[in-house]
Amino acid sequence: MPERSHNGSGIGCSAINGMTTMKHKIIGKPERRVDAWGKVTGRAKFAEDYGVAHQLWGKVLRAEHPHAKILKVNTTRAKQLPGVEAVLTAKDIPGSQMFGIVVKNQAILATDRCRYLGDGVALVAAQSREIADEALAMIEVEYEPLPVVSDPEYAMKPGAPLIHEEGNIFVHHKVRKGDVEEGFHRADFVLERSFRTQFVEHAYIEPEAVLAEPGEQGGVTITGSVQNLFSSRRSVAAALNLDLSRVQIVQATLGGSFGGKDEVMTSMCCRAALLCLKTGKPVKMVNTREESMLESYKRHPYMLSYKLGARNDGSIAAMEIRIVADGGAYASMSPFVTWRSAVQATGPYVCEHVKTDVYAVYTNNNYTGAMRGFGSPQVNFAIESMMDELAEKVGMNPLEIRLKNGFERGAVTATGQTLDHIVSLKEVLGKATDLIGFTEKWNRYRSASDQEKKRGIGLACSYRGVSLGAEGVDAAETMVTVQTDGSVIVSSGVTDMGQGAQTQMSQIVAEVLGISMDRIQFLNTNTSRVADSGPTVASRGTIMGGSAAKDAAERVRATLLEVAAEMTGVRSDDLDLEANYLIQRNGGRRLISFQELVAESFARGKPLRGVGWHKSPATSWDEDEGKGEAYFTFVYGANVAEVEVDTGTGSVYVLDFVSAHDVGKAINRATVEGQMYGGVAMGLGYGLLEDFAIEDGVPKQLNFDEYLLPTSVDVPPIKTIIVENEDPAGPFGAKSVGEPTNEIAAPAIVNAIFNATGKRIFEIPANLERILLGHALTRPGKRGSLQKDAEDTLLVESCKIRPSTA
Amino acid sequence: MKPFDYMVPHSLGEATSALHEHGETARLIAGGTDVLIELRRSDAITPEALIDISRLQELKGITSSRGTIELGPLTTHAEVCASTIIREQAPLLRAATITIGSPQIRNRGTVGGNIMNAATCADTVPPLIALNARVTLHSVDGNRECDLAELFVKPYRNIAHADEMLTVIRFSPLPVNGRSAFVKLGRRNAVAISRLSVAAIIVRDDGGIITDARLVPGAIFPTWKRVTEAERMLVGNMPSAELFRAAGNKVSEVMISYTGRRWSTEYKEPVLSVIVRRALEICCAATGEGGLQDSYKGAKR
């Protein structure tokens, strides 16, 4: 049974979202974002805004072939060009030429071989961008092209050309529970379905940029659009043979990341630092959009085969799942991404017998890595489609089948973990479907007369492990320093890339210290000023950085109350900090202002600096057995999409949407809602539009003219439902929201398309052709407008620009 | 991008003189929504000079007199959308123009630029051809005029000489009993390139019989043309679902006769037929101004 009744049908989302706990002053309030003012006035400094006198421009020469031996690189002519200060190749790297978080096989600059078109072959630093470009064109590289492996299934075959010496299959995660053969034997029927997903571009609005400056005492300082500063710093230090203490990476205000500014930024940081140390001058590097799309990693395309055994009453007996992920040219985060997929592949459903195998393989495509969702959107698309197929087979509706099989408290997951927290799956399902009238619409649309434009409604839900789980050590630092005038500086190893981490942490500090938000100044992360806090990924910003912020603020608070007790003679447990005052709890009398209390503390020589550290509860994983306590807690979400399908053209319009998520506790309701809006928009693009097509290792689009994102008029009004079941694992009960909001929009939409048309989409994006014809169409070669001198261009498939007098 | 000269003529005379002198190696720039994107492409051929004509007031504006509408080529898409003359007398041009790009693109991009760029997906061209538009090309040697449909040679290529520029677009208003529609199919609701489009005008007599039919599809032929084969099927008949379906199928048939079967034909053949039928349905619907009702979701938001 649901932990909380969801009989709130008819309750508007504002009412649901309006529930705030009275005990908090600032937590839960839609406080203005601490970064808002700078961003709306244009004062925020993004990486490209940084510049210093005498800086050089760094540029990268990238590979000409997706797979080739590099026989010779001749930089002589380029070096002679006036204005060129350095032309470097891998040979010039003094330390480690390779980096990689799990498998160290990604080259900062290709040595003897290139493995995808984004590989860097040589670097130039010159006095201007134009000279640098000119110099790149003067570098002569001799290649011996090798067979290109672009299809992961082919890459797995014996005898396929090897991308790396250790073999093309570089990850195999398994999950084992019970005995699937026995499970299928006991099932009344078995459903087998295959699904495919596509490469997806992060599409952060700000392309990669850094400024590297020589350190005054040696070393290097890098200011850049970096998501995971500590891992980037580790690689720079290793490449340049420097101590970590001599490499300082300062986070510029980030123009979006979505998991995308990790390895691609590490590589840019290493290259800029190398040019900087070789020339002794500051070096700036900025990718154009085309360079960014060519080089950056993408979301993994998956091929998923699901075999599901069930009984006639709709209960699931067994699931056998095989997944192949295209890892592209380098390992990157694939081992972790696919591990999350393995853990969550069966969805939030009770299943006694599970056998899941997930493989990641090398190809000559863009490498694939972290992206918001991190291995969940693919499996959620598959399992949520399977659940609707199962419902169809046994004559239940999508809500019934999910309530029949969905997790409750005490359920045992596919990895054998018992869910010992408030499992709110059925609560979010109930609230989301009630708000939009799911069942009534689902029945009505299903039996609607046969018209050209059809309505449909679809449902999807998920459970998601919070933070890194058994990926590795999970700890973070946040520091709170009170100034003598009572203002407060906060800094953290958790980075803000637009998701609002700084605001959440500021609210936590303000709550604990009883001060208003305007007293707080949040500094961007600097690797030399805060401890290595791991990467800001896995929706761990609030739960990890926030917990550390709470810890830090509580340390300061304890000191302040100790001083206050001495000053006032009131016992410290009868004192509190509230609204910028010290108050006496008993009676609520204001004693002195926060500022005066701070001044008194300094006068007494008490330190008002709190260093907060938070380490997550233990998790475990047995790779051989395929079992473990994968994550220390989970979040639950449900999405409902209502669509109109134009069966004459294949167009799909999303008309209405409900996003319901249990976030534990909303530290800032506006930010949580913002995450929901953005997550749904991104998921809508994933389900209907976005496709980073790569043909024989060559990306077919390198800008947003052809890589189509949803625009503001493609995104419907989104109704949000914030469910709050406070979890002791997080600060004030808060868990996660960033990624869950993104992972189930696509299957909700695809299920709605099925409700409308009776046809299932097994491969996303569900574009015009797939809706109308049931399969995609592929344009051979480039589009018409780029076939510049093709005299026989009879027909232009899609077009843009062309000189009228060409 | 290589360096280039940038010239800003202050009159039509200065512009044509500059073209006369530099035409072979220069490019005209108006709103820049095509040219600027083209210039930053790594494989682009950089012109030696850009002649910025965007300040030439004499090439802007919309006027109507004695049964002819005259549209200055530097009129922006946003100005077309806001024009009462266009709304009342050429609603299908408005319906098409409002689907172009985004508000920012419509504020910068011009009708003349859309025409001269000659992309087969140019959304202003099908309605203008349906309205029997003629254009004037001007150079220091004088003017020459032609039907808009005759301006185009092939995709991205028109008949203008290097020293000529487009100075006038003239077209007839929608006929008195005429109704029109523009239906466009893109992959999303804004900033979408026409995958297929059609401009349609239908004139009926008092008894409801179709007396004039004009059908101009976009993004399917290498240059634009009216599909007279389908128009002939309509004229002389009463509107009917059957007739519209047949006319739609005819347009698809004509498309294939021109282009052959290509990778995209499997999709375009049935869908072109559908959007032509829908355009005809809009033209003959009992109510509504024709054009916007069904044409394009993005335009309505």
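Below, read A as the first sequence line, B as the second, and so on, with proteins coming before strands; counting in each chain starts at 1. Please read all numbers here as calculations on a predicted model, not as lab measurements.
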Looking at N189(B) and V713(A), what are the two nearest heavy atoms and their distance?
-> ND2-O, 3.1 Å
For E269(B), check side chain to side chain contact (heavy atoms under 4.5 Å, CB included) against everything at least two apart and list the hits.
-> S252(B), I256(B), R261(B), T265(B)
Rounding to 0.5 Å, atoms CG (L768(A)) and CG (L185(B)) come to a distance of 5.5 Å
At their closest point, which heavy atom of W263(B) faces which heavy atom of R779(A), and how far apart are they?
-> CZ2-CB, 3.2 Å
L772(A) portion near chain B, given a 4.5 angstrom heavy-atom threshold = side chain
Let me see the working for E452(A) and V274(B) under side-chain contact (heavy atoms from CB on, under 4.5 Å), right down to the final yes or no.
-> CA-CA 10 Å; E452(A) 204 165 34; V274(B) 166; 3.9 Å; yes
Honestly, the part of S651(A) sitting under 4.5 Å from a heavy atom of chain B is side chain
Stepwise salt bridge (Lys or Arg N to Asp or Glu O under 4.0 Å) check, E769(A) with R187(B) = CA-CA 10 Å; E769(A) 293 82 1; R187(B) 288 197 181 272; 2.7 Å; yes
Over all heavy atoms of both residues, which pair between L709(A) and R188(B) is shortest? Give the atoms and the distance, please.
-> O-NH1, 2.5 Å
With a 4.5 angstrom heavy-atom cut-off, which part of L196(B) approaches chain A: side chain, backbone, both or neither?
-> neither
Contact origin within D133(A) toward chain B - heavy atom pairs under 4.5 Å = neither
Can you tell which part of L689(A) gets under 4.5 Å to a heavy atom of chain B, answering side chain, backbone, both or neither?
-> side chain
Assert top hit (heavy-atom pairs under 4.5 Å, partner chain B, pool D646(A), T649(A), V652(A), L688(A)) equals T649(A)
Look at atom NE2 of H20(B) and say whether more than 12 heavy atoms of other residues, nucleotides or ligands are closer to it than 6.0 Å.
-> no
Can you list the residues that meet the side chain to side chain contact (heavy atoms under 4.5 Å, CB included) rule with R129(A), with sequence neighbours excluded?
-> E48(A), W57(A)
Where on E134(A) is there a heavy atom nearer than 4.5 Å to chain B: the side chain, the backbone, both, or neither?
-> neither
Kindly say whether A776(A) contributes a backbone atom to a donor-acceptor pair with the side chain of Y267(B) at under 3.5 angstrom?
-> no
Heavy atoms of other groups near E24(B) CD, more than 12 under 6.0 Å = no
